[in-house]
Chemist: 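One structure, as structure tokens, below. Some questions next.
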Amino acid sequence: MKRNNAITIFLFLIMMSFQIISSNVYYMDDIFRHVLWYSGWSGDGRPFADIIYNIISFGNSIVDMHPMPLIGSIGFFSLTMYYYAKNNNISLGYIYIVSCSVIIINPFFVSNLWFRFDGPFMVLSICFAIIPFCANIKNKLVQLFFSSFFILLALGLYQTSINIFLGFIFIELIIKITNEKLSCSIKQFAYRLSSAIVAILLYKFITSNIYPMNDYAAAYSKTIGLDYNGLRTLISNINIALDGLNTALLSFWKYIIPCAIVALYVLIKKTCNHSKISLIMALVSVVSLFFLSFGVIIFSNNMVVYPRVYLGFGCFLFLLFLLVSQSKLKPYISYAIILVPYSIMSIYFFIESSSIKAEYIDKNELAQKLVYDISNNAEINNKCIMIINYPKISKVAEMNLRAYPYSYNVLPKTFSPGYDGGRFLLMSNGLKDMRYQNESEEKEIKENINKIKPTINNDTYELYGIGNCTAIKFK
């Protein structure tokens, strides 16, 4: 593989993510980080993000340099995938570029990329999870230390990236089974798994004690019990995760069938020459890789299924594309088999990106109108604020939902009742610092809101001044 292919990977990824890079969008938590200059990732179990931001902001906890951090992390990802190919003797040209790009250019990772503060470190975390496979280290003790170190870095930047490392373990196992003795492949698999266990233990008992998680993060990090109830929760989690994946991919499955069939044929042909055990191990690895689409989250006692949960699905597609590229089909047939499902995934990605951008612009304009109305009416310019209902989504997002309903899951629900995003979006547009209502104020508002006339009433919202609060009621 030519060295300039690292640059080609980079340019291709920049092109695919251009809408994100060129947009001035503050996505979800970005809004209150922008207003408060607040980082706070340590409480989410991601202390290395705090450390890095503290360094590049010269001790000021956070700095906004978008899009340079994202461009830099994409560049680092491009180099990582170049050295991965070099270390594993993969020379696939443009097919490889498409294959590795699907790891981050997919509808499950799109929201991660839109976080202007978090996104670059989520990409870096994926890189650190892959770096152990980019070096051929003969000394197993050194390999264990090297792998554990980078897995620990990945966990400290974004815990979900452990799914990427586990996914690449199975990809490596499949590659080695088709080229080496089964015993050597299993030994290497054991070493990789050991390094993951070491890193997880270091993260859990050292990193997490130095940088304790907040209650919210700790609740979702709690694992299921090793009993009958734990087994029931595990089965339920798997069913929920599979339903979510099926809902997200819609008709994608029929486009991936030719790719899956060719990949399976290549795998069987390469392994059947070794032994039946090798074939069984390879097939089990493929199935395991598929279930790593949603990964370790299924072991959570309080599982919440966000799109980014399916981060590992990119690894599954990466393997299928690699296997197809090794078939003896004519090049243009291999290109077609890969590019059809890749194009569908890219369309999903672009639809979600357009919806996110349109929704932010729409809600930011709404916030500007609200700030004007509240600031120019003493009757409703109070100390606290309460949001009732949720405003209609933008026309672009509504239109895109018809083509890809799952895109609703990545929309920035800024003005969701009780979520700080709405309050901080108002503050970023000039509103004074207003707190949310407490329980007694909320009770008073609910009891009186239908009895009084709104101060401002338009097609989008009603504004009330009730007691000490400003109530925004969306229609």
Chemist: Are a donor atom and an acceptor atom from the side chains of Asn400 and Ser407 found within less than 3.5 Å of each other?
Modeler: no

Chemist: Of Tyr406, Phe290, Phe108, which meets ring pair (Phe, Tyr, Trp, His ring centres under 6.0 Å) against Tyr310?
Modeler: Phe108

Chemist: Testing the 3.5 Å rule here: is there a donor-acceptor pair between the side chains of Asp50 and Tyr211?
Modeler: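 There is no such pair (donor and acceptor under 3.5 Å, judged by atom type) between the side chains of Asp50 and Tyr211.
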
Chemist: Once you round to the nearest 0.5 Å, how far does OH of Tyr96 lie from CZ of Phe318?
Modeler: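 Separation between the atoms: 4.5 Å.
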
Chemist: Using 30° and 60° as the class limits, which term best fits the ring planes of Phe133 and Phe168: parallel, tilted or perpendicular?
Modeler: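 Tilted.
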
Chemist: Please work out whether the ring planes of Phe313 and Phe252 are parallel, tilted or perpendicular, with thresholds of 30° and 60°.
Modeler: perpendicular

Chemist: Are side-chain heavy atoms of Ile105 and Met345 found at a separation under 4.5 Å?
Modeler: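 Ile105 vs Met345: side chains apart.
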
Chemist: What distance separates Phe294 CZ from Asn163 CG, expressed to the nearest 0.5 Å?
Modeler: 10.0 Å

Chemist: Could you tell me whether Arg308 sits above the aromatic face of Tyr306, with NZ or CZ closer than 6.0 angstrom to the six-membered ring centre and within 45 degrees of the axis?
Modeler: yes

Chemist: Side chains of Lys140 and Gln188: do they bring a donor and an acceptor to under 3.5 Å?
Modeler: yes

Chemist: Do Arg33 and Tyr26 form a cation-pi contact, if we require the NZ or CZ to be under 6.0 Å from the six-membered ring centre and within 45 degrees of the ring's axis?
Modeler: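 The answer is no; the distance or angle limit is not met.
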
Chemist: Do Leu283 and Leu264 have side chains that approach each other closer than 4.5 Å (heavy atoms only, starting at C-beta)?
Modeler: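 Yes, side chains in contact.
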
